[in-house]
Number of protein chains: 2
Amino acid sequence: MKKSTQKRVTLKQVAAHAGVSLTTASMALNGNPSIPEATCQKVFKAIEELGYVYDRGAASLRSSTAGSGAIGIIVTDLVNPFYTELLIGIQQKLNETEQTSLLGTTFDSCEVQDRMISMMLEYRISGLLLFAAPGTSSEVIKRIQRFGIPVVLINRLFPDLPCDYIGVDNVHGGYEATRHLLALGHRRIAFIGGNRQLYTWHGRLQGYQQALNEFGIDFDPELTPESLCNREEASNLIEHLFKLPNPPTAIFSYNDTIAIGAMMALKSRGIVPGKDVAVIGFDEIPEGLSFSPSLSTVTAHPRLQGAKAVELLQSRMSNPSMPIQSIVMPTELLLRESSGEHLK
Amino acid sequence: MKKSTQKRVTLKQVAAHAGVSLTTASMALNGNPSIPEATCQKVFKAIEELGYVYDRGAASLRSSTAGSGAIGIIVTDLVNPFYTELLIGIQQKLNETEQTSLLGTTFDSCEVQDRMISMMLEYRISGLLLFAAPGTSSEVIKRIQRFGIPVVLINRLFPDLPCDYIGVDNVHGGYEATRHLLALGHRRIAFIGGNRQLYTWHGRLQGYQQALNEFGIDFDPELTPESLCNREEASNLIEHLFKLPNPPTAIFSYNDTIAIGAMMALKSRGIVPGKDVAVIGFDEIPEGLSFSPSLSTVTAHPRLQGAKAVELLQSRMSNPSMPIQSIVMPTELLLRESSGEHLK
DNA sequence: AGAATTTACTGAAACGATTCAACGGTTCGT
DNA sequence: ACGAACCGTTGAATCGTTTCAGTAAATTCT
């Protein structure tokens, strides 16, 4: 019942308690080399005894150039496990370096994203990991950069915008997946899900087309239906696709979530993925492994990508004049059950 | 190539540009009713024209009682989709109310958690949603409360600690699941995974025992092996369990992640879950629906729970003297394929 | 030994907002 | 017509920290 919402202990009180000046205390706290060990000890002892906690807001007020030290993370949609995997990688890395993060989820809305960015600017983040919502204008990013805040774009590249970027090799991933299906003997291969608003979609489509070309197969637009990235939409796609007079025998899916939705829809129609129809996804989400049949996929190494994104941001933060980096991570074709065997 | 890391525009400049005093500008910004519409317009026009961004750090410096306005979220382990679901619910709610969040992931380590809490205190969060790591001492929470920061505990209740709490009815959930299995004719029912460090584990076990009692079945400690919450550990559990002279015919799993790991292990041994062995999980993660057989589970409505946790924190923040709340959400038995049919 | 440097520390001015007491001017009540 | 109440506005103090310029004592240099 004690209403002891104690007033915050300030550094001034710490200084008094330690018998030094405010300035000395501040310097001791920041490990300024001109403060001798003994004095530091006194200050830290006082901090301990009084239960002092540092006020980052006040601190970053004076040193106006640096931000609060926190880094912002904006992702579009936690519902897609790929983002969760990415976030896990990011958080693990941040834990290592003991950094704090502001998290925002846009749920694919640009307005929400704008609001989020404004908020983060108000909180004076020191850096931003941005997984841009579809339709994001490059102006939005330029605005952040104008405040001197480093930005790392994840999986979404803006032409003509000087900005660090990390992504995966969508073209090669799409190429490898499609090529594998072609090598298995498939000739009607669909590329399903995702949409042309997505930067990654274009790359994966390009790889798909490249492989088709190599095998001298004509591109059939009917086999590349677009969709949002959820299971329900994927189900509709399958519905539509298997009503065609000449349905596909293999499916390369924009991502794993869609692949799983598609496989569920196939199964409910009595079509066995991995046997009647080959399926390959993209991303590598954990669910792909537990699904029957287990999902063959082009892995983007999402956790590693998250970790690398943090590393990139950190090097940018510690060295603002470093040349712009564009990291394209190699993809890897992960063959499991859903891609099936060679056609007889 | 413009090195135009422009200096931050301050409210003072805005005031000058609008032809009013700093005080007036501040009040206009905060919607103080004593500022007439016309003046507000002038100020907002100036804000627009100068590209002013509010500095929350500076603002929260003066009004020392309130924090920065951001709320902290600490979860243990994003790898378990349950937490992701919870986080989705939290983020959706926060988006509605346009609040910013600091996210920390402890990966089940108390030291990391301590560090995270300290950080969040330094950033002066206005409230904390805490999914406490196993082994967390109640002292840690008391410390936060001493700073006058509202805390909402999720799924982990500390006896004798006056603190808001939201969780699910573990006992009833465990009871219903077990009872259902008993009603199907099962008599060897295992309760697998989780461990006694977890508050929720005890509740679920209690419900399990209660149901067994009701059917006059002796509790067999061999049927309640503990484990960490991941698929590999679940697999080991199955390995061990099905080496017993008298293996179980039904499994009630501490959570869905373990249930899925267990079912994968069963399948790889040629045992068909939903037919040879009944399985029921707890939580309701999306993966449970795509798995074959689809996972019967006790849903904790994770997204709703996340949303409600935010609501609870918000009411506490707006009304600090409100009596302590303990919200226990009802569970619901979600019957799908894995629980099977009545034994012949 | 006297000057120059170093060492250990400090006072005071920032940083960008909030907030309180106070201002002159209009309107109201009686 | 006089004081009270109100309105729109403002100057100045304040929050907790950093940082610059400066000081007095101790050490080094020549």
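Every value quoted in this text rests on a predicted model; they were computed, and no experiment measured them. We name chains A, B, ... by the order of the sequence lines, and we start the count at 1 in each one.
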Practice prompt. Scan Thr23(B) against the nucleic acid and name what it touches under 4.0 Å (heavy atoms): base, sugar-phosphate only, or nothing.
Written response: base
Worksheet item: Can you find a side chain N or O atom of Ser34(A) that sits less than 4.0 Å from OP1 or OP2 on dA8(C)?
Response: no
Discussion item. Over all strands shown, is Leu22(A) touching base, sugar-phosphate only, or nothing at heavy-atom distances under 4.0 angstrom?
Written reply: base
Worksheet entry | Nearest-nucleotide pick for Tyr52(B), side chain only, options being dT18(C), dT10(D), dA17(C) | dA17(C)
Fill in: Whole angstrom value for the distance that separates P of dT9(D) from CG of Leu11(B)
15 Å
Worksheet item: Does Ser60(A) place a side-chain N or O at less than 4.0 Å from the phosphate oxygens OP1/OP2 of dC15(C)?
Response: no
Worksheet, complete the sentence: For Ser137(B) and Phe158(B), the nearest pair of non-hydrogen atoms, with its separation, is C-CE2, 4.2 Å
Worksheet item: Of all the nucleotides listed (dT10(C), dT10(D), dT17(D)), which has the minimum atom distance to the side chain of Thr24(A)?
Response: dT10(C)
Worksheet item: Would you say dT18(D) has OP1 or OP2 under 4.0 Å from some side-chain N or O of Ser26(A)?
Response: yes
Worksheet item: What's the CD1-C1' distance between Ile35(B) and dT9(D), to the nearest Å?
Response: 7 Å
Worksheet item: Hey, are the side chains of Arg143(A) and Ser118(A) touching, using non-hydrogen atoms and a 4.5 Å cut-off?
Response: yes
Fill in: Check: Glu37(A)/Gln41(A) side-chain N/O donor and acceptor closer than 3.5 Å
yes
Worksheet item: Within this structure, what is the CG-to-C1' distance between Asn32(A) and dT7(C), rounded to whole angstrom?
Response: 12 Å
Practice prompt. Pick base, sugar-phosphate or nothing for Thr10(B), based on heavy-atom distances below 4.0 Å to the nucleic acid.
Written response: sugar-phosphate
Fill in: Distance, rounded to the nearest Å, where Leu121(A) contributes CG and dG16(C) contributes P
15 Å
Fill in: Minimum-distance nucleotide to Ala58(A) side chain [options: dG16(D), dT19(D), dT18(C)]
dG16(D)
Worksheet item: Which atoms form the tightest heavy-atom contact between Ala46(A) and Ala18(A), and what is the distance?
Response: CB-CB, 3.8 Å
Worksheet item: Rounding to a whole Å, what distance do you find between Lys42(A):NZ and dC9(C):P?
Response: 6 Å
Worksheet item: What integer distance in Å separates Phe147(A):CZ from dG16(C):P?
Response: 13 Å
Worksheet item: Gln13(B) CD to dG16(C) C1': how many Å, rounded?
Response: 11 Å
Worksheet item: Do you know the tightest heavy-atom contact between Glu98(A) and Met119(B)?
Response: O-CE, 2.6 Å
Practice prompt. Name the closest nucleotide to the Tyr54(B) side chain, picking from dT9(D), dC9(C), dT18(C).
Written response: dT18(C)
Worksheet item: Do Arg62(A) and dT17(D) share a donor-acceptor pair, side chain to base, under 3.5 Å?
Response: no
Worksheet item: Between atom CG in Leu61(B) and atom C1' in dA14(C), what is the gap in whole Å?
Response: 13 Å
